[in-house]
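Throughout, protein chains are lettered first and strands after them, A, B, ... in sequence-line order, and every chain is numbered starting at 1.
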Amino acid sequence: MSLNTIERAQGLRVRSQQDLAAGLFMILLAVVALFLASDLPMGSLRQIGPGMLPKAFAVICAGLGVLLALSSLRYNGEKLSGWSWRGVIFVLGGAVVFGLTIRGFDLGPIKVPQLGLVVSGPLVVLISGLAADDRKIKELVIFALVMTTFCALLFKYALGLPIPLAPWLLGI
Amino acid sequence: MSEMIAHLQLGFGVALSLQNIALAFAGCLVGTLIGVLPGVGPIATIAMLLPITFGLDPVGALIMLAGIYYGAQYGGSTTAILVNIPGEATAVVTTLDGHQMAKQGRAGVALGTAALGSFFAGCVATLIIAALGAPLTKLALLFGPAEYFSLMVMGLCFAVVLARGSILKAFCMIMLGLLLSTIGTDLETGQERMTFGFPPLSDGIDFAVLAMGVFGFAEVLRNLENPETRDVVRAKIGRLLPDWNDIKQSFLPVVRGTAIGGILGILPGNGAVLGPFASYTVEKKIAKDPSRFGRGAIEGVAGPESANNAGAQTAFIPLLTLGIPPNAVMALMVGAMTIHGIIPGPQVMTKNPELFWGMIASMWIGNLMLLIINLPLVGVWVKLLQVPYRLMFPAILIFCCIGIYSVNNQPVDVAFTALFGLFGYILIKLGFEPAPMLLGFVLGKLMEEKLRQALIISRGSFMTFIERPISGGLLAVAVIILIIALLPSISKKRDEVFTE
């Protein structure tokens with residue numbers, strides 16, 4: 001008797017949290033896709049419509065998700081380990097702030113002026129740098145300024161990419 | 001044969017212009033620089049540095065990108081040997097014996113052997129590409145939509161089989177990539193698909209955005225979570241050139257590694273990753289004293305490093321001749337080529353011969369440069385390894401942000417990348433390996449196009465894929481490798497290869 005059959009004989013329980021979550025995640029994504037594609041025409045095999053492949057892929061994804069979730073009841077696997085939300089918030093937040101400020105942003109009541117690399121550069125380095133456990137604020141501030149200067153020289157002047165530096169101050 | 005020489009002559013004529021030599025050198029240097037940093041693999045490196053090439057002409061841009069690619073690949077080996085952290089998947093095996101050699105004070109010899117082995121492999125691979133380029137392109141011109149579709153199905157099956165970890169999860173990632181590729185405007189009807197009515201999505205998800213989110217941002221998040229202990233070798237690096245004894249020991253492994261890596265690299269899927277593993281296993285099997293492996297055996301560095309480099313280069317063959325990227329890095333090259341107005345495929349060789357052969361010739365030049373960049377400058381790279389991660393990742397981040405912004409001058413792309421970073425982080429947490437997703441994503445659009453064309457031609461009959469001999473043969477290969485991979489006894493062996 002193989003190890004797997006022995007395990008099966010011991011009854012159903014979740015043996016791999018990670019796989020179960022992964023299976024459910026796949027099913028969730030597939031459901032979202034099916035919902036979004038619901039009003040797209042399927043077409044026929046002769047003339048495939050815009051909806052056929054998205055729906056087909058979504059159904060396969062859901063099927064694989066079910067398989068994965070079921071297999072988590074049979075085979076041992078890993079637990080879900082802790083999530084570091086601080087990294088997510090600071091690292092991804094820093095990038096979002098960069099996107100919002102580099103050329104300004106205008107969405108209904110929220111208005112962000114066009115600040116340019118001179119502001120966005122240090123912001124992204126500073127904010128993301130906070131995610132490290134061993135951060136040193138003073139070192140980070142200096143590093144932010146150095147990196148921004150370096151990037152401005154490299155991308156704006158050496159490579160000639162159209163990146164706004166500081167339209168509000170220098171007009172470039 | 002004379003045709004090949006004429007082609008190579010044309011190529012070297014292009015690649016040896018002063019500007020292109022400088023670009024190849026710059027690419028290799030920058031690639032090595034970033035590749036040495038642990039946690040930044042070739043995919044993130046290329047995505048990050050893509051904007052650097054925007055102002056160049058297409059030939060120069062591709063020469064530089066190719067340089068960045070194998071520079072990053074090579075830099076990964078340096079990190080593997082000196083710090084025991086594989087910069088990327090293909091350098092995993094190098095850590096086993098390479099780092100042991102470094103601990104014994106033979107770091108220089110390990111680096112030198114890796115460099116010389118890679119150089120040899122690179123030279124041979126360049127010749128293979130030159131020899132196979134023309135005939136494969138001719139074959140590709142015979143391909144109709146059905147054959148192309150089947151070829152891509154086979155490629156994805158290889159990607160599933162060769163992916164690390166669970167086959168089921170690799171399957172999930174491929175399908176997810178295909179699903180993501182259907183977002184955007186429908187090719188034939190112009191209807192918006194799954195865009196949430198959001199205008200920036202109507203062109204579909206930008207490839208660089210997805211790649212940078214999943215391989216740049218998500219990797220940073222992963223690394224932040226597991227603060228790696230950097231076991232930087234304190235011992236002297238020692239002399240760089242291997243002595244006569246080392247050369248005698250490593251010559252045959254280099255030749256075998258080159259052959260194994262070169263063949264596996266051509267395969268669609270992720271052949272370049274499998275090459276080093278296969279080479280290591282072979283060397284261990286045929287060694288007189290296998291117990292030396294894992295304790296600083298020079299064969300364990302020479303073979304896999306050659307296989308790695310040969311595979312990295314022959315992976316260009318499917319891209320350049322068929323227009324089909326065999327792995328995630330090559331998928332990024334597709335993105336880079338399209339940005340420069342070149343659609344990869346068999347027509348590249350006939351329409352832009354100077355681009356095609358120039359790029360191939362530049363690979364040889366690049367390999368020579370890597371030798372020059374790496375051996376004498378190894379001290380500089382060691383210094384670079386001492387930059388703490390707390391400063392490195394903000395630097396990576398600002399580069400990624402500027403890079404993504406520059407691709408389309410769209411600030412919203414940066415926010416999207418952050419979103420995909422979160423997505424990638426969730427995938428990593430759930431135990432998914434994101435590389436197959438990227439491949440599915442890139443092949444998805446092409447596959448949909450070919451599927452639709454083939455079905456229109458066959459009036460809706462799926463039999464066309466089986467009835468046409470080439471197409472049927474390719475599908476048969478796909479089915480066979482899937483069956484082999486799913487047979488439990490063999491899949492157990494596969495696990496052994498990867499855990500070793």
In Å and rounded to the nearest 0.5 Å, what is the CD1 to CD distance from Ile456(B) to Gln47(A)? 4.5 Å
Evaluate the ring planes of Phe399(B) and Phe150(A), with Trp represented by its six-membered ring, and classify them as parallel (under 30°), tilted (30 to 60°) or perpendicular (over 60°). tilted
Taking Gln191(B) for the side chain and Leu40(A) for the main chain, is one N or O donor matched with an acceptor at less than 3.5 Å? no
Whether the side chain of Arg193(B) engages the backbone of Leu36(A) through a donor-acceptor N/O pair (distance < 3.5 Å, no angle test) should be reported. no
Are Val414(B) and Val96(A) close enough, and set up right, to give a side-chain contact (heavy atoms from CB on, under 4.5 Å), and what steps lead you there? CA-CA 6 Å; Val414(B) 184; Val96(A) 172; over 6 Å; no
Chain A interface, residue from Leu176(B), Leu419(B), Leu430(B), Leu56(B) that has the most non-hydrogen pairs under 4.5 Å: Leu430(B)
Does any heavy atom of chain B fall under 4.5 Å from the side chain of [X], the backbone, both, or neither of them?
X         : answer
Ser71(A)  : side chain
Leu100(A) : neither
Ile48(A)  : both

List the steps, then state whether salt bridge (charged side-chain N to carboxylate O under 4.0 Å, His left out) holds for Asp19(A) with Lys169(B). CA-CA 9 Å; Asp19(A) 284 0; Lys169(B) 282 186 167 174; 2.7 Å; yes
Do you know the tightest heavy-atom contact between Ser128(A) and Leu397(B)? CB-CD2, 3.1 Å
Examine whether an atom of Phe423(B) lies under 4.5 Å from a heavy atom of chain A, and if so say whether it belongs to the side chain, the backbone or both; otherwise answer neither. side chain
Verdict with supporting geometry, Asn409(B) and Arg103(A), side-chain contact (heavy atoms from CB on, under 4.5 Å): CA-CA 9 Å; Asn409(B) 284 329; Arg103(A) 250 189 28 194; 4.1 Å; yes
Heavy-atom distance under 4.5 Å between the side chains of Val88(A) and Phe217(B), does that happen here? no
Is there a side-chain contact between Pro164(A) and Tyr405(B) (heavy atoms, below 4.5 Å)? yes
